[in-house]
Colleague: 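After the structure tokens below, expect a handful of questions from me.
None of these values were measured; they are calculated from a predicted model. The figures here come from the full heavy-atom set of this structure, side chains too, leaving out hydrogens, waters and symmetry mates.
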Amino acid sequence: QVQLVESGGGSVQAGGSLRLSCAAFGFTNYWSSMGWFRQTPGKEREGVAAIRSDGLANVADAVKGRFTVSQDNARNTVYLQMNNLKPEDTAMYYCAGESRYVAKSNLLSPSQYNRWGQGTQVTVSS
């Protein structure tokens, strides 16, 4: 069964760092596009960063310069390195995968992805 499992969330103080991991299980080389999204209660899920297996990436303006998305294709794993965290980064973070190449302009759109992980909580205190 194809599934995504996130890890690495936690609680940090403002200015700290966390690295999230998303491991893809199931078919190898299945995921062509993988993204990180976040959501807080009462708000819509928003795209944070995403990357395709060919290396094309997109990062949301709100986190540009602080967050970096990367991948290890050999391990079917995508990472989200989050530096200089702010209280407004507090959210549940989800990993998502899609078997096709998503256009760069759509990489941060949740509707483009058909598989989701269970989420990992990130809490940033001031």
Colleague: Looking at Ser126 and Ala14, what are the two nearest heavy atoms and their distance?
Modeller: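 Scanning both residues completely, I find the closest heavy atoms to be CA-CB, 4.3 Å.
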Colleague: Say whether, by atom type as modelled, one donor and one acceptor occur between the side chain of Gln3 and the main chain of Phe25 under 3.5 angstrom.
Modeller: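 Not a single qualifying donor-acceptor pair exists.
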Colleague: For a 4.5 angstrom cut-off between non-hydrogen side-chain atoms, does Gln81 reach Ser17?
Modeller: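 They are in contact (side-chain heavy atoms under 4.5 Å apart), so the answer is yes.
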Colleague: When rounded to the nearest 0.5 angstrom, what distance separates OH in Tyr113 from CZ in Arg45?
Modeller: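 One gets 12.5 Å once the value is rounded to the nearest 0.5 Å.
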Colleague: Counting only N and O atoms by type, is there a donor-acceptor contact under 3.5 Å from the side chain of Thr40 to the main-chain atoms of Ala91?
Modeller: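 Flag not set: sc Thr40 to bb Ala91 has no pair under 3.5 Å.
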Colleague: Please check if the side chain of Ser99 supplies one atom and the backbone of Trp31 the other of a donor-acceptor pair under 3.5 Å.
Modeller: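 Looks like no, no N/O pair under 3.5 Å.
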Colleague: Kindly compute the distance separating CG (Leu18) from CG (Asn83), expressed to the nearest 0.5 Å.
Modeller: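 Rounded to the nearest 0.5 Å, the CG-CG separation comes to 9.5 Å.
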Colleague: Report the relative orientation of the aromatic rings in Tyr94 and Trp116; use parallel for angles under 30°, tilted for 30 to 60°, perpendicular for over 60°.
Modeller: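 The arrangement is perpendicular - the two ring planes meet at more than 60°.
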Colleague: Does Val59 belong to the same Ile/Leu/Val/Met/Phe/Trp/Tyr cluster as Phe37, with side-chain heavy atoms less than 4.5 Å apart forming each link?
Modeller: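 No; tracing contacts between hydrophobic side chains, which count when under 4.5 Å, never links both residues.
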Colleague: Taking salt bridge (charged side-chain N to carboxylate O under 4.0 Å, His left out) as the test, write out the residues that go with Arg19, two or more places apart.
Modeller: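 Salt bridge (charged side-chain N to carboxylate O under 4.0 Å, His left out) check on Arg19 returns nothing, list empty.
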Colleague: Looking only at non-hydrogen atoms, find the nearest pair between Gly47 and Ala60 and report the distance.
Modeller: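 Smallest interatomic distance, heavy atoms only, reads O-CB, 3.5 Å.
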Colleague: According to the disulfide bond (SG atoms under 2.5 Å apart) rule, which pairs have a member within residues 50-81, sequence neighbours left out?
Modeller: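 Qualifying pairs: none.
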Colleague: Which pair of heavy atoms, one from Leu56 and one from Leu107, lies closest together, and at what distance?
Modeller: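 Smallest heavy-atom distance, with atoms named: O-CD1, 4.2 Å.
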Colleague: List the residues meeting salt bridge (charged side-chain N to carboxylate O under 4.0 Å, His left out) with Glu46, not counting sequence neighbours, and say none if there are none.
Modeller: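 Per chain and number, Glu46 pairs via salt bridge (charged side-chain N to carboxylate O under 4.0 Å, His left out) with Arg38.
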Colleague: According to side-chain hydrogen bond (donor to acceptor under 3.5 Å, both in side chains), does anything in residues 47-61 pair up with another residue at least two apart or in another chain? List the pairs.
Modeller: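 Of all non-adjacent pairs touching residues 47-61, those that pass side-chain hydrogen bond (donor to acceptor under 3.5 Å, both in side chains) are Arg52-Asp54, Ser53-Tyr101, Asp61-Lys64.
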Colleague: Might you point out which heavy atoms bring Met34 and Ala24 nearest each other, and give the distance in Å?
Modeller: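 Here Met34 and Ala24 meet closest at CE-CB, 4.4 Å.
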Colleague: Kindly write out the residues that satisfy side chain to side chain contact (heavy atoms under 4.5 Å, CB included) with Thr123, not counting sequence neighbours, or none if the list is empty.
Modeller: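 Partners of Thr123 under the side chain to side chain contact (heavy atoms under 4.5 Å, CB included) test: Ser11, Thr90, Gln121.
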Colleague: Val12 and Val63: same hydrophobic cluster, using ILVMFWY side-chain contacts below 4.5 Å?
Modeller: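 They do share one cluster, since a chain of ILVMFWY contacts under 4.5 Å joins Val12 to Val63.
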Colleague: So do Gln112 and Ser33 actually touch side chain to side chain, heavy atoms under 4.5 Å?
Modeller: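 Result no, sub-4.5 Å side-chain heavy-atom pair not found.
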Colleague: Do side-chain atoms of Tyr93 reach the backbone of Val48 as a donor and acceptor pair under 3.5 angstrom?
Modeller: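 Checked: no pair found.
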Colleague: In Å, rounded to the nearest 0.5 Å, how long is the span from CE of Met92 to OG1 of Thr120?
Modeller: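 Interatomic distance, Met92 CE to Thr120 OG1, rounded to 0.5 Å: 7.5 Å.
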Colleague: Excluding sequence neighbours, so at least two apart, what forms salt bridge (charged side-chain N to carboxylate O under 4.0 Å, His left out) with Glu98?
Modeller: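 For Glu98 the salt bridge (charged side-chain N to carboxylate O under 4.0 Å, His left out) partners, ignoring immediate neighbours, are Arg100.
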Colleague: To the closest 0.5 Å, what do you measure between OG (Ser21) and CG (Leu4)?
Modeller: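 Those atoms lie 12.5 Å apart.
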Colleague: Hey, is the main chain of Glu44 close enough, under 3.5 Å, to the side chain of Gln39 for a donor-acceptor pair?
Modeller: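 No; judged by distance alone, with no hydrogens or angles, the pair does not exist.
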Colleague: Hey, does the side chain of Asp89 reach the backbone of Lys86 with a donor-acceptor pair shorter than 3.5 angstrom?
Modeller: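 A pair under 3.5 Å: yes.
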Colleague: Would Glu6 and Gln118 satisfy side-chain contact (heavy atoms from CB on, under 4.5 Å), going step by step from the backbone distance to the final call?
Modeller: CA-CA 7 Å; Glu6 303 100 331; Gln118 80 287 352; 2.9 Å; yes
Colleague: Count I, L, V, M, F, W, Y as connected when their side-chain heavy atoms are under 4.5 Å apart, and connections chain through other members. Are Leu20 and Val69 then in the same cluster?
Modeller: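 Yes, because Leu20 and Val69 connect within a single hydrophobic cluster, where side-chain heavy atoms sit under 4.5 Å apart.
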Colleague: Going only through I, L, V, M, F, W and Y residues with side-chain contacts under 4.5 Å, is there a path from Leu108 to Val78?
Modeller: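 Leu108 does not cluster with Val78.
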Colleague: For Leu80 and Met82, what are the C-alpha separation, side-chain angles and deciding distance, and is it a side-chain contact (heavy atoms from CB on, under 4.5 Å)?
Modeller: CA-CA 6 Å; Leu80 183 67; Met82 304 185 294; 3.8 Å; yes
Colleague: First locate atom SG of Cys22, then atom CG of Asn76, and finally report the distance between them rounded to the nearest 0.5 Å.
Modeller: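 Rounded to the nearest 0.5 Å, the SG-CG separation comes out at 10.0 Å.
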Colleague: Does the side chain of Asp72 come under 3.5 Å of the side chain of Thr77 through a donor N or O and an acceptor N or O?
Modeller: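 Thr77 and Asp72 do not have a side-chain donor-acceptor pair below 3.5 Å.
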Colleague: Honestly curious: do Val124 and Trp36 fall in one hydrophobic cluster under the side-chain, below-4.5 Å linking rule?
Modeller: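 In one cluster with Val124: Trp36, yes.
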